[in-house]
K.L.:
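Can you read through this structure? Questions will come right after.
Worth saying up front: this structure is predicted, and the values here are computed from it rather than measured.
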Amino acid sequence: MPNSRVAAVALTRRSLIAAGTAGLLLSGCAASDGGADPATRSDRPEPTPSLAPDVAVATTALAEIRATAAAVAATAARFPDLPGLAALSSMHRAHEASLVEAVPERARSSAAPTPYAVPQRRPLAQRRLAAGEQRLHDTLDALALRAQSGDFARLLAAMGAGIAVRLGDLG
């Protein structure tokens, strides 16, 4: 079974990249210079094409995963003995790797996480991190419903399910 899961993830990344590239190319082809002579045309930059729907979903998912991974890393730095953090961190890295190639370079910078402030008290830090993981789970489930590709929707749903399993480790 592990081989079929790897194949599904690879297929999903490949189909997502192809869909995003096709969407970007198609939206770029729609740009018109109004029939103006290229010699007299203004040198204004062309408008940036919008992202294909699944690429936009992947961009949102990547930003959310990175933000949650940053919260896990910051919490682990303050409370290194908190159970489950290494597994969460590893899982988030795997999820990020599954999505990063599907997100165009220009959109990746918008997916950079903001700093996370870890509460001073361990119980509060643990509850806050669990709440963040639950939000990520809910977000990935909602994004799975928005995904147009069935393979991509399954990938996002599987990511959400993985988070649900790990939530029990946080206590």
Side-chain angles (χ1 to χ4, degrees), residues 1-2 4-17 19-21 51-171:
M1 200 62 146
S4 64
R5 183 174 177 196
V6 171
V9 171
L11 174 64
T12 301
R13 288 173 57 187
R14 217 175 294 125
S15 62
L16 201 79
I17 292 168
T21 303
L51 296 175
D54 277 355
V55 175
V57 169
T59 301
T60 301
L62 180 61
E64 295 297 322
I65 288 167
R66 284 181 169 172
T68 306
V72 171
T75 303
R78 177 157 296 165
F79 302 106
D81 60 335
L82 195 63
L85 296 185
L88 278 172
S89 182
S90 176
M91 180 184 61
H92 291 318
R93 279 193 306 274
H95 290 174
E96 180 179 356
S98 295
L99 294 173
V100 75
E101 290 181 21
V103 177
E105 187 66 40
R106 65 184 170 88
R108 284 185 205 164
S109 61
S110 66
T114 56
Y116 178 78
V118 179
Q120 296 290 325
R121 294 182 34 232
R122 180 186 165 115
L124 181 56
Q126 193 171 4
R127 284 193 308 274
R128 192 166 177 208
L129 190 59
E133 291 290 337
Q134 183 63 54
R135 274 191 305 278
L136 178 58
H137 167 270
D138 295 346
T139 297
L140 290 172
D141 280 356
L143 290 172
L145 293 173
R146 286 182 36 202
Q148 293 183 355
S149 161
D151 287 338
F152 184 45
R154 283 187 290 279
L155 175 67
L156 292 171
M159 288 177 178
I163 291 167
V165 169
R166 295 289 174 203
L167 273 171
D169 296 342
L170 287 176

K.L.:
Who pairs with Arg127 by salt bridge (Lys or Arg N to Asp or Glu O under 4.0 Å), at least two apart in sequence or on another chain?
P.N.:
none

K.L.:
Quick one: are Ile163 and Gln134 in side-chain contact, heavy atoms under 4.5 Å?
P.N.:
no

K.L.:
Using a 3.5 Å cut-off and no angle test, enumerate the donor-acceptor pairs between side-chain atoms of residues 77-92 and protein atoms at least two apart in sequence or in another chain.
P.N.:
residue	atom	partner	partner atom	Å
Arg78	NH1	Val118	O	2.8
Asp81	OD1	Arg122	NH1	2.9
Asp81	OD2	Arg122	NH1	3.2
Ser89	OG	Arg93	NH1	2.8
His92	NE2	Glu133	OE1	3.1
His92	NE2	Glu133	OE2	2.8

K.L.:
Tell me, do Leu145 and Leu156 make a side-chain contact under 4.5 Å, heavy atoms counted?
P.N.:
no

K.L.:
Please report the shortest heavy-atom distance between Ala61 and Leu140, naming the atom on each side.
P.N.:
CB-CD2, 4.0 Å

K.L.:
Please report the closest heavy-atom contact between Ala157 and Ala144, naming both atoms and the distance.
P.N.:
N-CB, 3.9 Å

K.L.:
How close do Leu155 and Ser98 get, heavy atom to heavy atom, and via which atoms?
P.N.:
CD2-CB, 4.4 Å

K.L.:
Minimum heavy-atom separation for Leu99 to Leu62, with atom names?
P.N.:
CD1-N, 3.9 Å

K.L.:
Would you sort out whether Tyr116 and Thr75 count as a side chain to side chain contact (heavy atoms under 4.5 Å, CB included), showing the intermediate values?
P.N.:
CA-CA 9 Å; Tyr116 178 78; Thr75 303; 3.6 Å; yes

K.L.:
Keeping Asp54 on the side-chain end and Phe152 on the backbone end, is there a donor-acceptor pair under 3.5 Å?
P.N.:
no

K.L.:
Decide side chain to side chain contact (heavy atoms under 4.5 Å, CB included) for Asp138 and Arg135; before the verdict, give the C-alpha distance in whole Å, the side-chain angles of both, and the deciding distance to 0.1 Å.
P.N.:
CA-CA 5 Å; Asp138 295 346; Arg135 274 191 305 278; 5.6 Å; no

K.L.:
Identify the two heavy atoms, one from Gly160 and one from Asp141, that lie closest to each other, and give their separation to 0.1 Å.
P.N.:
CA-OD1, 4.2 Å

K.L.:
If you look at every heavy atom in Arg128 and Ala117, which pair is closest and at what distance?
P.N.:
NH1-O, 2.6 Å

K.L.:
For a 4.5 angstrom cut-off between non-hydrogen side-chain atoms, does Val103 reach Val55?
P.N.:
no

